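What follows is a short report on a single structure.
Keep in mind the model is a prediction, meaning the values are calculated, not measured. Just so it is clear: chains get the letters A, B, ... in the order the sequence lines come, proteins before strands, and each one is counted from 1.
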Amino acid sequence: MVVKIQVPRGTQDILPGQVEKWHYVEGVMRRLAAEYGFQEIRTPVFEHTELFQRGVGETTDIVEKEMYTFEDKKGRSLTLRPEGTAGAVRAFIEHSYFAQPQPTKFYYIGPIFRYEAPQAGRYRQHHQFGIEVFGSAEPITDAEVILVAVDLFSRLGLADLTVKLNNIGCPKCRKDYREALIAYFRPQVEALCADCRNRLERNPLRILDCKQESCREVVAGAPEITSHLCAECQEHFSGVQRYLEAAGVKYEVDSGIVRGLDYYTRTVFEIIYTGLGAQSTVCGGGRYDNLIETVGGPPTPGVGFGMGIERLLLTLEKTGCYLPEKAGPDLYIATLGQAAKEAAFAALLDLRRAGLRAVTDLMGRSLKAQLKYANKINARYVAILGENELAQGRVQVKRMADGQDAEVAWPDLLAWLKAQMQADSRKEEEVQDDSR
RNA sequence: GUGGGUGUAGCUCAGUUGGUUAGAGCGCCAGGUUGUGGCCCUGGAGGUCGUGGGUUCGACUCCCAUCACUCACCCCA
């Protein structure tokens, strides 16, 4: 060991014990997405930098200071994706999905990169589960997208999340509103923090979700977007709300929800859990009716969300929701003597092909040490194969949970174990039923 | 980018007003006689005390710098 190399700042290894939890939530996500008619798309983790500049917006924090941008050997500017929508949109256009029956419903699961100062619930590489619906401008689509997130949370056993909903208008009404905001804030510039003074001309909408006490007071009296929406946006907004109510989704209208990406139009929403430290947003998304055109496709509306998997897992852990533990093997074969070792080695082949998770000693340990090891790795059953057993064509099998022993004919081991394990899991179910 | 906190064995942490061979618990490895886990007992491996410099007869301990981790601001998933 010369110089200890650690993971890059803000990244982490997902180790055994943790990775099972990832598999579990990813499994729920994939099943759910399929049930809602979404198909998986896998796009590159890096794209041409220009895609994000055009898509996400030049003035956003993400593009201004958070992108991992580099040049490849031919001098092309590439960027590790700082969000998931742009790549999906690019693929939609590149493969002419717009010429297919609409809507197009994609989902993705993968890493996202942002150069930020890491802290609780925030990383430089994190993972998102995201969905996108292209082609539909109907309010029912916005509601369905939100419903996917809400349904996912409820399937994972999560109850105390809050859906915050807002409508930031289309370019037409947003222009009006922008002017109204500037007109409102300009006389009170002195009361705003330095950041917000900056935002005033560039992006006054952002002042609305400033956390500074002084700014919040000023914001309290600011005109609300809702009163500046055009008739179409208003209708759309109430439509979304009607569908959400029809599906029994609880939500709060919050005019402070603005979102940090420029491409949003009309519907924006966040799903938050207060309990993650400073980071409360687990899922955020909205409608982006001009994005596809901006990136070079035909005018096509879209809605989607991104959900942070790390934050989701943190939330599940904090709220005590079910998460799988590291599982040990079904069977450990402890052997005594070379002949037994060889017999076990060969037998494992069949056991594994039958779907059993089965292992044996690779360390040359004594029988006792093998048993200790089997116990430590949480093996469900241990089969003991020594010279005596080999000679008699039998094997001793021990259930580790209670130490119960059985003698089984060596060729019957697989069948016997399968039957036992089935009986075990039936018992577990009964226990669960009783506790209900 | 800015501020606060923390860096001692694989992990969680002790380490007295600076004093000699830096400790514990857990974990790991091996044993506790003939072939049987969890409990108990014994032994062992494992640390340039984050790194570099300074003060001092002497630094894990004090000072400076640096790096890393962490929390927060900003922003977001």
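Between A:F38 and A:Y107, the ring centre distance reaches or exceeds 6.0 Å.
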- Where along nucleotides 35-42 of chain B does protein come under 4.0 Å, by heavy atom, of base (B) or sugar-phosphate alone (S), with - for untouched nucleotides? BBBB----
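Remark: RNA chain B takes part in the stems B:1-7 with B:67-73, B:10-13 with B:23-26, B:28-32 with B:40-44, B:50-54 with B:62-66, each of 3 or more antiparallel Watson-Crick or G-U pairs, criterion distances under 3.5 Å.
Taking the salt bridge (Lys or Arg N to Asp or Glu O under 4.0 Å) definition, one finds that A:E58 meets it with nothing, sequence neighbours left out. In this structure A:I41 satisfies the side-chain contact (heavy atoms from CB on, under 4.5 Å) test together with A:T43, A:A91, A:F106, A:Y108, sequence neighbours excluded. Residues satisfying the salt bridge (Lys or Arg N to Asp or Glu O under 4.0 Å) test with A:E132, not counting sequence neighbours, are none. Among residues two or more places apart in sequence or in another chain, the side chain to side chain donor-acceptor pair (under 3.5 Å) test is passed with A:E64 by A:R202. Applying the salt bridge (Lys or Arg N to Asp or Glu O under 4.0 Å) criterion to A:R155, with sequence neighbours excluded, gives A:E35, A:D151.
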Can you tabulate the close N/O pairs, meaning under 3.5 Å, that link protein atoms to atoms of nucleotides 9-12 of chain B?
none

Could you list all N or O pairs between the protein and nucleotides 65-72 of chain B that sit under 3.5 Å apart?
| from | atom 1 | to | atom 2 | distance (Å) |
| --- | --- | --- | --- | --- |
| B:rC69 | OP2 | A:R9 | NH1 | 2.7 |
| B:rC71 | OP1 | A:A120 | N | 3.4 |
| B:rC71 | OP2 | A:A120 | N | 2.9 |
| B:rA72 | OP1 | A:A278 | N | 3.0 |
| B:rA72 | OP2 | A:Q119 | OE1 | 3.1 |

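Counting only distance, with no hydrogens or angles, the side chain of A:R124 and the backbone of A:E116 share a donor-acceptor pair below 3.5 Å.
Remark: A:R266 fails to qualify as a cation-pi partner of A:F237 under the 6.0 Å distance and 45° angle criteria applied to the six-membered ring.
Ring geometry for A:H228 against A:Y177 counts as tilted: the plane angle lies between 30° and 60°, on a 0 to 90° scale.
Defined by atom type and a distance below 3.5 Å, a donor-acceptor pair is missing between the side-chain atoms of A:S280 and A:T274.
In this structure, the CZ atom of A:R122 is 12 Å from the C1' atom of B:rG1, given to the nearest Å. Distance CD (A:E132) to C1' (B:rA77): 13 Å, rounded to an integer number of Å.
When all heavy atoms of A:P301 and A:D289 are compared, the closest pair comes out as CB-OD1, 3.1 Å. The minimum heavy-atom distance linking A:V382 with A:A374 is given by the pair CG2-CB, 3.5 Å.
Listed in residue order, the members of residues 13-30 of chain A having a heavy atom less than 4.0 Å from RNA chain B come to none. Within residues 309-334 of chain A, the residues approached by RNA chain B to less than 4.0 Å at the level of any non-hydrogen atom are A:R311, in residue-number order.
The gap from the C1' atom of B:rU16 to that of B:rG5 amounts to 24 Å, rounded to the nearest Å.
Both A:Y264 and A:Y115 sit near RNA chain B, but only A:Y115 has its closest nucleotide nearer the 5' end.
Few gaps surround OH on A:Y251; more than 12 heavy atoms of other groups in view lie less than 6.0 Å from it.
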Atom pairs and distances, side-chain donor-acceptor, residues 305-318 of chain A, under 3.5 Å, sequence neighbours left out:
| from | atom 1 | to | atom 2 | distance (Å) |
| --- | --- | --- | --- | --- |
| A:E310 | OE1 | A:H127 | N | 2.9 |
| A:E310 | OE2 | A:H127 | N | 3.3 |
| A:E310 | OE2 | A:H127 | ND1 | 2.8 |
| A:R311 | NE | A:G121 | O | 2.7 |
| A:R311 | NH1 | A:T281 | O | 2.8 |
| A:R311 | NH2 | A:G121 | O | 3.2 |
| A:T315 | OG1 | A:R311 | O | 2.7 |
| A:K318 | NZ | A:G275 | O | 2.7 |

